[in-house]
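Report on the structure given below.
Start at 1 and go down the list; that is how both ligands and their atoms are numbered.
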Amino acid sequence: MSAGLEWAFEKLGLDIGVLRLQRMEDFYEVGPHPAFGHPLPPGEGRGEGRRIHVYLDLDRTVEAMGAAGAAYKQFVMEMNAIRTRLEPLLRISHPNLLELARRGSLSLAPFLFRTLGSVVSKLPREIVDAVTIWSHIAGQPIDQAPSAMAFVPALIHCVGAFVPADGMRAIPQALAENARRAGVEIHCGKPIHKIADLECDAVISNYNGIGTYDELVDTPDRIRKKLRAMPLQSPGLCAYLKAKSSGGPYLRFRVNRGLQLRVTTKDTVRMIMPFDRNTSEQEQSAELQRMLGDPWWRDGLSDVKLLHSRTVRGWGREMHLYRDSMNLAMTRQMMLRGRLPHRSPWIKGLYLAGASTHPGQWVSFCAISGILAAEMLHADHAAGSI
Ligand SMILES: Cc1cc2nc3c(=O)[nH]c(=O)nc-3n(C[C@H](O)[C@H](O)[C@H](O)COP(=O)(O)OP(=O)(O)OC[C@H]3O[C@@H](n4cnc5c(N)ncnc54)[C@H](O)[C@@H]3O)c2cc1C
């Protein structure tokens, strides 16, 4: 998602051109069906199983979908109309019904109260899994996911889907270089154990928001208990491979025991699979091996070499993840209640950025959240409150 990233880079006076973003024209493929326990209507998608192929080009996608194409196109247009009206709310710290009303968009409130499952309920059965795949890969049932997840197809066709030419690492690299130029000192590999021990006027924590309150500051017990009860999302299982690819879509989703995803760019391949955090590392390793043992993902690849792999626990250990989670689970309930505030209501001088705060997970949104937290700190400093 380039839009949020562009906005954040512009705020920092950085040219997003340094990332050399590549449009992933042949974007993703889901199949074969039936995939997630939704039986298909008789006669549809049986036999070898139907695959749904999504290109950034909407008309090409519609054509490839056959009979379901027209309904898909209408859905994308409807979702894009709602998405564009709500988009300004991504860039304010605490969106609520008042902000919606101020922008003349209060009529959209009922949509925001719905689940993803109810928004897609009228779509032809055979494309529902392809449209909602982003919730499935996050390990989330569509009847718990928020309606806003239905904006993803609109983003894909109306904005695009991009990968930096040198990989995602180009984003933190560009930001770190810019920060250093501005005189910021960056210390890597030095975990903070207690924020209270730091000599400073204010802290912006980009560590998991709940983890910050649970581990790094003295939070009242009542609040700590409430925060600890919030559902967390697992980073799943991942394998990093090198291979020669004969081409094909950037992302391929398959259901083999569980949902699996192959990500292919030039000579790099990633295999990803959602997996429960509440399992032993032994179970996670066994599932990872089973995923790698499935032959489907080797299709069109040669000279495959496994470079590294990560279990859920491995992610947690290597990336210092809070209780082996990547962020708060994006449920409808959490969307309605709101994420953790950028300015802490409980600890003076503490600000939060990252996936636990508005507008939420994904690199592009986390970039927006960093700007929102910094702007809040600036405003408080200018007002003399810190
Ligand atoms: C397998 C997988 C695939 C994904 N694919 C995509 C994708 O295609 N596109 C997309 O936009 N998003 C994707 N995401 C999501 C995206 O990676 C996250 O939403 C985003 O990285 C969250 O950013 P963050 O800044 O909140 O947290 P993080 O990226 O987790 O950053 C927090 C940082 O804090 C550090 N830290 C932790 N504890 C301490 C401490 N005590 N002291 C100091 N530092 C500490 C950590 O080491 C880490 O560097 C994916 C995630 C996963 C797991």
Would you mind running through ligand 1 and noting each atom that sits below 4.0 Å from a heavy atom of [X]?
X: Gln361; answer: 19 (O)
X: Ile192; answer: 40 (C), 41 (N), 42 (N), 43 (C)
X: His320; answer: 37 (C), 38 (N), 47 (O)
X: Met319; answer: 46 (C), 47 (O)

Arg83 to Phe151, cation-pi by 6.0 Å centre distance and 45° axis angle: no
Lys/Arg cation over aromatic Trp297: Arg262, 6.0 Å, 45° cone: no
For [atom], decide whether some protein heavy-atom distance is shorter than 4.0 Å.
atom: atom 2 (C) of ligand 1; answer: no
atom: atom 31 (O) of ligand 1; answer: yes
atom: atom 15 (C) of ligand 1; answer: yes
atom: atom 7 (C) of ligand 1; answer: no
atom: atom 28 (P) of ligand 1; answer: no
atom: atom 44 (N) of ligand 1; answer: no

Top protein contact for atom 33 (C) of ligand 1, by heavy-atom distance: Asn206 ND2, 4.1 Å
Plane angle bin for Trp346 and Tyr213 - parallel if under 30°, tilted between 30 and 60°, otherwise perpendicular: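 Ring orientation of Tyr213 relative to Trp346: perpendicular.
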